[in-house]
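Quick notes on the structure that follows.
Numbers for residues simply follow the sequence, beginning at 1. All of these numbers come straight from a predicted model, not from anything done at the bench.
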Amino acid sequence: MHTLQDRHPEHKHSDALGSSFTTYRGRFAPSPSGPLHFGSLVAALASYLDAKANQGQWLVRMEDIDTPRVVPGAADAILTTLDAYGLHWDGEVVYQSQRHALYQDILAPLIEMRHVYACTCTRKQIKARGGLYDNHCRDASHQFEGNALRLKQNYPVLEFQDDLQGQVHIPKGIASEDYIVKRRDGLFAYQLVVVVDDHQQGITHVVRGADLLEPTARQLSLFKQLNYTAPHFMHVPLAVATAGFKLSKQNHAPAIDNSKPLPALAAALKFLGFNLSHVHFDNVDTLLKWAISHYHISLLPNNKEIQVTQQDTGHYDFTPL
Ligand code: GLU
Ligand code: ZN
């Protein structure tokens, strides 16, 4: 089995008695905008297996910061599904909606040091100027009240090493954009809270879908800005209905079935490169145990997306676009 030491020698520590142990803290961070579907199961399973195969902890964080997109009941439904699929998390679930004070505490000194400014540009205006934000309002001294707040990009990240995708290059325009840390509606932006949370929860390894490759560059720049140690990143391929369209409510990817976890779990393992042709399981715990002991990073496909049909998702009924 692939061990954490092979991959990340710097995460090997020694305790006071001199025996060595490893620290691994991974997490699954769903947005409760709907129930889990096959695509989110793949992300959950990949982060779970990577954590457990490395004797790590696996945390769950509810990314319910974007309250207008939160669907009532979805957070509980997600947790119920994870339980039904045998994906049991360590510790208490963290809810971003209960952490506004923490986010404000991190933002306050950035404002104090004038790293943050208010921006009045509409999406339409930014589009008309070419689509990428051109740091237009940097020196305009707009009032903070009622406006979006942007962080000056002092640490542009143009490339980074992904544990699966290898060297990732980020277009200069994206890397150097001043990005929003607090929205016009007063909500903290995803980019800010994800970095604050990953740091505060001591996350050492982020394993998630490749739709988040570009945001990773911003998150890495924020880790630098805040003087935090960044975790390792590994982005697994995204399950798409058709090229460029991830499975989502928009293309009718259904919720995975809590009463029949085995077919979807097996399908997700196949998606992640496991060969299940000579094994048979009658419950999720033995299946997951087998998967943990057979997990190896070299199994994982390293493309950015993989097209799946209904058949590939465990015969669940979804309609591609
Ligand atoms: N909440 C994000 C999503 O569901 C994932 C964020 C992350 O894994 O960092 O797309
Ligand atoms: Zn602006």
Side-chain angles (χ1 to χ4, degrees), residues 1-4 7 22 24-30 34-61 76-91 93 163-164 205-210 234-240 246-247 253-303 305-318:
M1 191 181 63
H2 177 84
T3 65
L4 186 62
R7 205 163 116 211
T22 52
Y24 180 121
R25 277 164 79 85
R27 77 339 182 247
F28 175 53
L36 291 188
H37 51 70
F38 181 75
S40 30
L41 176 64
V42 165
L45 186 60
S47 65
Y48 173 86
L49 292 177
D50 198 61
K52 293 300 162 187
N54 287 297
Q55 294 81 46
Q57 290 188 305
W58 186 65
L59 315 186
V60 170
R61 178 170 76 230
D76 285 346
I78 289 171
L79 297 178
T80 302
T81 300
L82 290 176
D83 259 330
Y85 278 68
L87 300 169
H88 307 300
W89 57 90
D90 296 300
V93 175
D163 283 350
L164 184 62
H205 293 74
V206 171
V207 177
R208 58 187 179 186
M234 180 162 91
H235 289 85
V236 296
L238 201 63
V240 296
K246 70 167 167 173
L247 299 187
I256 49 175
D257 188 341
N258 288 351
S259 67
K260 282 185 276 166
L262 276 175
L265 260 185
L269 286 172
K270 252 187 221 169
F271 181 97
L272 290 171
F274 285 81
N275 180 356
L276 291 121
S277 50
H278 300 293
V279 287
H280 185 79
F281 298 96
D282 47 23
N283 69 71
V284 291
D285 293 327
T286 51
L287 175 57
L288 287 175
K289 228 173 141 187
W290 175 86
I292 291 166
S293 65
H294 287 78
Y295 175 84
H296 191 288
I297 191 172
S298 67
L299 289 176
L300 304 175
N302 65 354
N303 27 358
E305 56 179 49
I306 296 176
Q307 203 166 330
V308 291
T309 63
Q310 201 170 306
Q311 189 103 347
D312 303 323
T313 65
H315 301 271
Y316 291 103
D317 177 35
F318 79 91

Report the C-alpha distance between Phe271 and Thr313 in whole Å, list the side-chain angles of each, state the deciding distance to 0.1 Å, and finish with yes or no for side-chain contact (heavy atoms from CB on, under 4.5 Å).
-> CA-CA 9 Å; Phe271 181 97; Thr313 65; over 6 Å; no
side-chain contact (heavy atoms from CB on, under 4.5 Å) between Val236 and Arg208, intermediate numbers included | CA-CA 6 Å; Val236 296; Arg208 58 187 179 186; over 6 Å; no
Hey, mind stepping through Phe274 and Tyr295 against side-chain contact (heavy atoms from CB on, under 4.5 Å) and telling me if it holds?
-> CA-CA 8 Å; Phe274 285 81; Tyr295 175 84; 4.1 Å; yes
Kindly determine whether Val207 and Asp163 satisfy side-chain contact (heavy atoms from CB on, under 4.5 Å), including the steps that lead there.
-> CA-CA 9 Å; Val207 177; Asp163 283 350; over 6 Å; no
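In terms of heavy-atom proximity, Leu59 sits nearest to Arg25 at CD1-NH2, 3.4 Å.
For the pair Leu299 and Leu272, the minimum side-chain heavy-atom distance is 4.5 Å or more. At a threshold of 4.5 Å between non-hydrogen side-chain atoms, the residues Leu41 and Leu36 do not count as touching. When side chains are defined from C-beta on, Ile306 counts as touching Pro301, because their heavy atoms get closer than 4.5 Å. Taking 4.5 Å as the limit, some side-chain heavy atom of Val206 sits within range of a side-chain heavy atom of Arg27. Inter-residue side-chain proximity for Val240 and Val308 is flagged as unmet; no heavy-atom pair is nearer than 4.5 Å. The shortest distance between side-chain heavy atoms of Phe38 and Asp312 does not fall below 4.5 Å. By the 4.5 Å heavy-atom criterion applied to side chains, Ile256 and Tyr85 are counted as neighbours.
Ring centroids of Tyr24 and His205 are separated by less than 6.0 Å, placing the two rings close together.
In this structure, the side chain of Asn54 engages the main chain of Asp50 through a donor-acceptor pair within 3.5 Å. For Lys52 (side chain) and Gly56 (main-chain N/O), a donor-acceptor pair under 3.5 Å exists by modelled atom type.
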